[in-house]
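Comments concern the structure below.
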Amino acid sequence: MTQLKNDRLLRALRRQPVDVTPIWIMRQAGRYLPEYRKIRETAGSFMKLCKTPELACTVTLQPLARFPLDAAILFSDILTIPDAMGLGLSFREGEGPVFERPIQSVEDIKALSVPDPEMSLGYVLDAIRMVRQELAGKVPLIGFCGSPWTIATYMVEGKSNKAFPKIKNLLREDPRALHQLLDVLAQSVSTHLNAQIKAGVQAVMLFDTWGGMLETAEYQEFSLRYCQQIMASLIRENEGQQVPVILFTKGGAKWLELMAHSGCDALGLDWMINMNEARARVGGHVALQGNMDPQFMYRTPEAIREEVARILQSYGSGSGHIFNLGHGILPDISPENVAVLVDAVHEFSHAYHQ
């Protein structure tokens, strides 16, 4: 086992003392970096980039060569599982993810089975092993999957659609079939995350990107229930260390108390709630990750530093805070502004960890 040189992230996720607030950024390996755009062009397609472990490893490490981030997050995608189920995933310019064979009937759902991670998703696990070797203990590596609800929205819709009318219709007209779909996805996510942990990720994150579009009762029945099922089945210790779990439901501020008791170690927050309110509501039960509005990254360096200071002050003293954006970094953000953000978090947060 390689000793971590920087374990701030893992310590903060466990709500243990740290010297400064750790920071990583959702989608930190991505299109805002010119070196990413270059390798993406060479690869020819997003899926080729994901499915070539050497390339995925290189992309994962690119942000760490530029910025003193406190974690790497594996370069992959939340839709690799349905692709491994045979739905035929591709990414089209200006359109996003598209499935060649979306879920269109109960028979389609019944035909699904849990993919074998080593067989169908071995490229993800190979990339993890390569990244861990290249990191050599510099910072921890985060693995991830989409939540069953969020994955299901794309599988049923066939492509990205923020209204998601088809899955809403399935929820109303045949909730039993939807539960069957969500159950096989929960099993698949559990199996894949456990394989990621065994391959070497040191924390995992569950992205429930579209959970916030549900009403409270629906959220509990069709989203949180399956996130809880996953978290109850995860390996929580590997290489002699706890493997923390982060749950992120975009638009989920109204359910913080429910999520805090779901079995996770930390909650990711979007920018629609202040950190002090969130901290008071979870009562120290979990760590908190977030929560700068990604739009702030378009502003001047001075404005970015002011917003960092405001968020850190809002959280207050003590550990249990991981600084992040409230969602993924936008593709046309200046890397120079990212450097300002990371440096400001480390500089200003020192006073809160005396």
Side-chain angles (χ1 to χ4, degrees), residues 2 9 24-67 69-93 96-99 115-146 150-151 154 188-189 191-207 209 238 243 246 248 324 328-329 331 335 338:
T2 304
L9 173 81
W24 68 277
I25 302 168
M26 285 187 271
R27 294 185 191 151
Q28 68 187 23
R31 289 177 291 171
Y32 74 103
L33 291 176
E35 55 267 40
Y36 169 85
R37 295 195 297 271
K38 183 177 180 180
I39 199 169
R40 166 69 175 79
E41 186 177 349
T42 302
S45 74
F46 179 83
M47 290 307 293
K48 178 73 177 295
L49 205 53
C50 285
K51 291 188 174 184
T52 307
E54 294 82 3
L55 297 180
C57 174
T58 298
V59 170
T60 299
L61 297 172
Q62 283 176 340
L64 297 166
R66 271 189 181 254
F67 315 115
L69 293 154
D70 295 299
I73 182 165
L74 179 69
F75 181 79
S76 187
D77 193 81
I78 64 170
L79 299 179
T80 54
I81 285 175
D83 183 57
M85 289 174 158
L87 272 65
L89 176 64
S90 64
F91 285 78
R92 298 176 187 169
E93 198 65 36
V98 177
F99 284 113
D116 182 324
E118 289 288 354
M119 296 292 292
S120 305
L121 294 159
Y123 60 89
V124 177
L125 309 181
D126 288 342
I128 290 169
R129 297 178 187 113
M130 289 181 186
V131 173
R132 278 294 306 272
Q133 185 172 358
E134 291 296 320
L135 280 174
K138 180 180 179 181
V139 294
L141 175 62
I142 303 168
F144 68 91
C145 278
T150 290
I151 296 173
Y154 291 99
S188 300
V189 170
T191 302
H192 188 34
L193 283 178
N194 279 336
Q196 290 187 33
I197 292 166
K198 291 175 183 176
V201 301
Q202 291 141 299
V204 295
M205 184 158 169
L206 201 53
F207 283 91
T209 309
N238 193 45
V243 181
I246 308 163
F248 173 65
N324 209 314
I329 188 168
V338 176

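Quick note: numbers below take in every heavy atom, side chains included, and nothing from hydrogens, waters or symmetry partners.
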To the nearest 0.5 Å, how far apart are [atom1] in [X] and [atom2] in [Y]?
X: R27; Y: R31; atom1: CZ; atom2: CZ; answer: 7.5 Å
X: L33; Y: R40; atom1: CG; atom2: CZ; answer: 14.5 Å
X: R132; Y: K138; atom1: CZ; atom2: NZ; answer: 15.0 Å
X: L79; Y: F91; atom1: CG; atom2: CZ; answer: 5.5 Å
X: M130; Y: L55; atom1: CE; atom2: CG; answer: 9.5 Å
X: H192; Y: D116; atom1: NE2; atom2: CG; answer: 11.5 Å

Work out which heavy atom in [X] is nearest to a heavy atom in [Y]; give both atom names and the distance.
X: C145; Y: I81; answer: SG-CD1, 4.1 Å
X: N324; Y: I25; answer: OD1-CA, 3.3 Å
X: G200; Y: I128; answer: N-CG2, 3.8 Å
X: C50; Y: A56; answer: O-CB, 4.2 Å
X: P82; Y: I78; answer: CD-O, 4.4 Å

Practice problem: Quickly, which of T60, V59, L61 forms a side-chain contact (heavy atoms from CB on, under 4.5 Å) with C57? Name it, please. | Solution: L61
Practice problem: Test F207 against F144 for ring-ring contact (aromatic ring centres under 6.0 Å, His included), laying out the working first. | Solution: CA-CA 7 Å; F207 283 91; F144 68 91; 5.6 Å; yes
Quiz item: Yes or no on side-chain contact (heavy atoms from CB on, under 4.5 Å) for K51 and D83, after CA distance, side-chain angles and deciding distance?
Solution: CA-CA 11 Å; K51 291 188 174 184; D83 183 57; 2.8 Å; yes
Practice problem: Mind checking salt bridge (charged side-chain N to carboxylate O under 4.0 Å, His left out) for R129 and listing every partner two or more places apart, or none if nothing turns up? | Solution: E118, D126
Quiz prompt | Audit row: L206, I246, side-chain contact (heavy atoms from CB on, under 4.5 Å) steps and yes/no | solution = CA-CA 6 Å; L206 201 53; I246 308 163; over 6 Å; no
Quiz item: What's the verdict on side-chain contact (heavy atoms from CB on, under 4.5 Å) for F75 and Q62, showing C-alpha distance, side-chain angles and the deciding distance?
Solution: CA-CA 10 Å; F75 181 79; Q62 283 176 340; over 6 Å; no
